[in-house]
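Reviewing the structure listed below.
Note that this is a predicted model, so its numbers are computed, not measured. We count ligands from 1, going down the list as the structure has it; atoms in each ligand are counted the same way.
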Amino acid sequence: MSFSWAKPYEPKHPLMRWIDERLPLPRVVYGAIGGGYPVPRNLNYWWNFGVLAGIFLTIQIVTGIVLAMHYIPSTNGAFNSVNELIMRDVNAGWLLRYVHMNGASFFFLVTYIHIFRGLYYGSYKAPRELVWMLGLVIYLLMMATAFMGYVLPWGQMSYWGAQVITNFFSALPVVGEPLRVWILGGYAPDQAALSRFFSLHYLLPFIIAGVVILHIWALHIPGSNNPTGVDVRDERDTLPFHPFYTAKDGWFAAAVLLFFALVTYFLPNYLGNPDNYIPANPLATPAEIVPEWYLLPFYAILRSFTADFILPAKLWGVLAMFSAILLLFFLPWIDRSPVRSGRYRPVFKRFFWLLVIDVIVLGWVGGSPVKPLTVAVGQIASAYYFLHFLVILPLVSAFETPLPLPNSITEAVLEREEAHEAAEAKKPRRTKTATAAAE
Ligand code: HEM
């Protein structure tokens, strides 16, 4: 499809022309995120979160590199290097650390919104299955990176978190225990584990950045989905990425970064666990071992098996936790509905919101102490999670009658505008005489 507004790349600056003739990188950028990339004209704010995820990934890499210059990866030195050296002696070290700590939370927050946006608008469906699957690879890498990063300050929660999570590997039959010892480089978290977690925590974000490039490349083949889920028909349905979406992404990113700055400056430890300000002590187990908030829903699934049934309960927990993520890889084939957007799927839409509530409940259970009530709620919520993807979604996609789809993106935009104008026209207006009478 050709877009008449999309002018071929013409370097304006002589330096750009010089570079472009030798290495056509400016041309590639123009075609990928510049005035040469067509984007549906009706994207709403939920489409800003991919770019935000990219911004937070960059923040994490930049602050992480500087933190690593001062961090001491030894079981004797790690805690003090973080809590004394970086927090007190390094110039603006406290800021670097707080930005990195809270940056991780914001990175997960915007990524979760990005994932749920994809779930609601059916962005995982053909022809974007690979975009979705590469996104899931990024998500798995993010979880591994976050887990290993949390071990680095070598506080109580770092140590016991590493202990508990690696312990779950030992639930696997035959290979479990050797695997755990192999991962840790010993029988318990110690220097070997800290060294390798530090090395991998430094490496993985660059791998994530590589997969992000593949993710966006795969997206640029079909182009973005949009709130109607209807395919782009002709050039009237699109706008050039620059200046329209660079402006929209830009101001929205500024607003989110302002909020991020408020949390980082005024509530830097709100999302953290106070026990991690106590140095790691292998002889004193904390009352509650809780991972960071963004891993809590999966932690709840992991802990929801309390009795052995054919297999040990612990193994069921590990299998359930991994399947909870792995089944998302099959989502494009589980949901067979030809309609993408939840906007035109009345039944799907309701179950989508139930899923959102279910994941929030799982998060609450994951962060709560183990009591009969929380265990029961966790079991119901875990069961519902699987029910949603394995039973409800296939049934809904087979039997639901979708609402009529607009013929095109432009038609949907115009319909909305007309509806808005009609609603505005119906509103009682205060004429000058009415205002004067009221006064
Ligand atoms: C470092 C993390 C990530 C970055 C930087 C990133 C970046 C992006 C960007 C820039 C876009 C285009 C803009 C937009 O649609 O928001 C996009 C689209 C998309 N992403 Fe991601 N993403 C990340 C993680 C994920 C994850 C974890 C998933 C899902 C599991 C995912 C699934 C998708 C899908 C399905 C689209 C296509 C959306 C559409 O066209 O409707 N992404 N991503």
* Examine Y124 against ligand 1 and note whether any of their N/O atoms are separated by less than 3.5 Å. =>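 The answer is no, given that Y124 and ligand 1 share no N or O pair closer than 3.5 Å.
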* Asked: Does S123 reach ligand 1 with a nitrogen or oxygen that is under 3.5 Å from one of the ligand's nitrogen or oxygen atoms?
  ->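 Yes, at least one N or O pair falls under 3.5 Å.
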With a 4.0 Å cut-off on heavy atoms, is [X] touching ligand 1?
X	result
Y121	no
M133	no
G118	no
F107	yes

For ligand 1, the portion of [X] having any non-hydrogen atom under 4.0 Å away:
X	result
L136	both
L219	side chain
L134	neither
I115	side chain

* Structure fact -> Those residues at least two apart in sequence (or on a different chain) that pass ring-ring contact (aromatic ring centres under 6.0 Å, His included) with Y71 are F198
* Round to 10° and report the angle made at atom 21 (Fe) of ligand 1 by NE2 of H114 and NE2 of H215. => 170°
* **Main-chain N/O of L328 paired with W132 side-chain donor or acceptor, under 3.5 Å** =>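 Checking the backbone N and O of L328 against the side chain of W132, a donor-acceptor pair under 3.5 Å is found.
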* Between D335 and S337, is any side-chain donor less than 3.5 angstrom from a side-chain acceptor? -> no
* Asked: Can you name the closest pair of heavy atoms from S195 and P73 and give their distance?
  ->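 So the two residues come closest at OG-O, 4.3 Å.
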